Amino acid sequence: MDSGRTSATIFSLTHDLPAPRASGAVPADGLDAGRLGMGSDLLACGIHWIGRAGARLQVPQDLAEQMPVQLHVGGSEPLIGRTLWSDGNEAGLAFDAPVDVLGMLARALARTSAERRRLPRIELRHTVGVHHGGDVEQFRTRDISQGGVGVEARGLAVDEAVQLTFDGMRPLDGIVRWVIGETAGIVFAEELGWQTLFPWLRGIQHALLPGGAALEGEGLLQDKLAIRLDLPGRVREGTAWWNCRIHALTAHQVEFEARQSFCPGAPLWVALPEIGGGPARVLQTRQGRTLAEFRLPLRDSDLRMLTASRRPG
């Protein structure tokens with residue numbers, strides 16, 4: 001990767017294997033160069049997409065399926081794998097072992113002068129909180145770069161101002177630049193530096209995610225009068241914000257689920273839809289869920305507003 005330019009190669013943090021592109025797709029320019037080793041032969045290629053499990057390459061000839069290959073990228077050790085498919089212009093590879101994509105990018109950045117360092121677009125499936133028009137929604141990202149993010153979303157409009165919450169970052173302002181079907185592209189009001197984006201990506205890659213299994217027995221908030229919800233919210237610890245799902249609420253306590261694990265006694269700010277929120281203290285955590293106690297009880301009028309706004313029809 002030449003980090004001094006904008007690369008057309010997509011680097012992916014997913015576990016996907018490469019699939020052939022739709023027929024009639026236009027070949028991309030500005031791809032990172034690689035070399036494909038096949039026995040004693042070494043074939044020049046362009047890298048369309050590379051992820052943990054495989055790569056999609058631009059190649060000058062048809063390749064046999066299930067052929068052992070070595071993909072040389074920059075000065076790194078060759079990536080060992082086999083061909084999955086080939087159509088004469090492109091080929092898909094499956095690697096024998098998972099690839100550290102961010103490690104590959106880190107080595108490329110280290111070979112580039114500081115003033116020219118720039119990350120390419122990174123494919124990433126991650127939750128982002130999107131605040132627009134008074135609403136708070138949580139969408140899935142498709143990809144992210146220093147300049148913006150692609151999301152799977154409905155209800156966004158071109159030129160609409162939004163605020164974005166990524167787990168572990170400060171909130172970011174942005175503008176919806178395009179909408180196609182159920183996807184949208186959002187440009188950051190202030191571009192992220194690679195010094196911010198790369199450590200964040202590494203943290204996401206290494207994050208211990210909640211197991212995803214339902215909580216056995218009763219939830220953490222066992223008050224029978226608690227309002228049972230499944231709503232998007234946000235929680236702040238120090239200067240970092242995290243997306244969460246609000247599951248239960250009383251005037252005094254809130255139960256939510258987040259990627260981040262919070263220690264008992266930790267001070268938080270819990271942002272709730274419709275009614276704002278307030279400071280809270282962690283009481284206990286279990287299986288990715290957190291029970292926190294508000295320092296100041298919520299008002300009855302706020303609870304009624306939240307309940308009424310979520311009542312169907």
Side-chain angles (χ1 to χ4, degrees), residues 1-21 27-28 30-39 41-60 63-87 89-112 117-126 140-146 149-150 167-168 194-209 259:
M1 181 190 75
D2 178 2
S3 298
R5 61 174 172 82
T6 301
S7 171
T9 297
I10 297 175
F11 291 78
S12 177
L13 297 186
T14 72
H15 292 279
D16 299 340
L17 285 171
R21 290 194 302 170
L31 299 178
D32 289 346
R35 294 173 299 156
L36 194 60
M38 302 169 292
D41 297 329
L42 203 59
L43 187 71
C45 61
I47 303 172
H48 278 290
W49 178 97
I50 185 166
R52 297 175 182 177
R56 181 162 58 87
L57 308 178
Q58 185 179 73
V59 293
L63 304 178
E65 294 183 7
Q66 299 300 315
M67 180 172 56
V69 294
Q70 296 182 346
L71 178 60
H72 300 260
V73 182
S76 303
E77 290 293 319
L79 306 176
I80 310 301
R82 66 186 188 281
T83 55
L84 288 175
W85 52 265
S86 176
D87 63 8
N89 297 311
E90 294 188 353
L93 307 184
F95 299 136
D96 290 349
V99 171
D100 181 5
V101 175
L102 292 182
M104 184 186 308
L105 289 174
R107 290 188 291 272
L109 289 174
R111 295 193 299 267
T112 309
R117 289 174 186 164
R118 187 172 183 82
L119 287 172
R121 185 165 294 276
I122 307 294
E123 186 177 45
L124 177 69
R125 302 290 182 263
H126 190 69
R140 297 291 283 175
T141 64
R142 294 174 61 87
D143 50 50
I144 189 170
S145 69
Q146 292 179 221
V149 62
D167 288 337
W194 68 266
Q195 304 94 328
T196 298
L197 183 57
F198 186 86
W200 180 80
L201 289 168
R202 183 62 92 181
I204 294 301
Q205 185 185 51
H206 290 163
L208 180 60
L209 303 182
R259 286 177 176 265

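Please read these numbers as outputs of a predicted model, since none were measured by experiment. Excluded from the calculations below are hydrogen atoms, water molecules and symmetry mates; all remaining heavy atoms, backbone and side chain alike, are included.
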Any side-chain heavy-atom pair of [X] and [Y] under 4.5 Å:
X	Y	value
Leu57	Leu71	yes
His126	Leu13	no
Val73	Asp32	no
Ile50	Phe95	yes

To check you understand the geometry: which heavy-atom pair defines the closest contact between [X] and [Y], and what is its length?
X	Y	answer
Gly51	Val99	O-CB, 4.0 Å
Leu42	Gly37	CD1-CA, 3.7 Å
Thr83	Ala64	OG1-O, 2.5 Å
Gly81	Asp96	CA-OD1, 3.6 Å
Leu201	Leu119	CD1-CD1, 4.5 Å
Gln70	His72	O-CD2, 3.6 Å

Can you list the steps and then say if Leu31 with Ile47 is a side-chain contact (heavy atoms from CB on, under 4.5 Å)? CA-CA 6 Å; Leu31 299 178; Ile47 303 172; 5.7 Å; no
For Asp100, salt bridge (Lys or Arg N to Asp or Glu O under 4.0 Å) partners two or more places apart: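 Residues passing salt bridge (Lys or Arg N to Asp or Glu O under 4.0 Å) with Asp100: Arg202.
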In Å and rounded to the nearest 0.5 Å, what is the [atom1] to [atom2] distance from [X] to [Y]?
X	Y	atom1	atom2	value
Gln205	Leu102	CD	CG	4.5 Å
Arg107	Glu77	CZ	CD	9.0 Å
Leu124	Trp200	CG	CH2	5.5 Å
Arg82	Leu93	CZ	CG	10.0 Å

Does any N or O in the side chain of Arg117 come within less than 3.5 Å of the main-chain N or O of Leu109, such that one atom is a donor and the other an acceptor?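 Between the backbone of Leu109 and the side chain of Arg117 there is a qualifying donor-acceptor contact (under 3.5 Å).
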Applying side chain to side chain contact (heavy atoms under 4.5 Å, CB included) between Ile122 and each of Leu105, Val149, Ile10, report the one that passes.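 So, applying the side chain to side chain contact (heavy atoms under 4.5 Å, CB included) to Ile122 and each of Leu105, Val149, Ile10, only Leu105 qualifies.
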Hey, is CD on Gln66 packed in by over 12 heavy atoms from elsewhere, all under 6.0 Å?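 Enclosed: over 12 neighbouring heavy atoms sit under 6.0 Å from CD of Gln66.
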Could you walk me through whether Thr14 and Arg52 pass the side-chain contact (heavy atoms from CB on, under 4.5 Å) test, one step at a time? CA-CA 7 Å; Thr14 72; Arg52 297 175 182 177; over 6 Å; no
When you look at Trp85 and Arg56, which way does the side-chain contact (heavy atoms from CB on, under 4.5 Å) test go after all the steps? CA-CA 10 Å; Trp85 52 265; Arg56 181 162 58 87; 3.9 Å; yes
Show the numbers, then the answer: is there a side-chain contact (heavy atoms from CB on, under 4.5 Å) between Leu63 and Met38? CA-CA 10 Å; Leu63 304 178; Met38 302 169 292; 3.8 Å; yes
Using the side-chain hydrogen bond (donor to acceptor under 3.5 Å, both in side chains) criterion, which residues pair with Glu123? Sequence neighbours excluded.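 Checked Glu123 against side-chain hydrogen bond (donor to acceptor under 3.5 Å, both in side chains); matches are Ser12, Trp49, Arg125.
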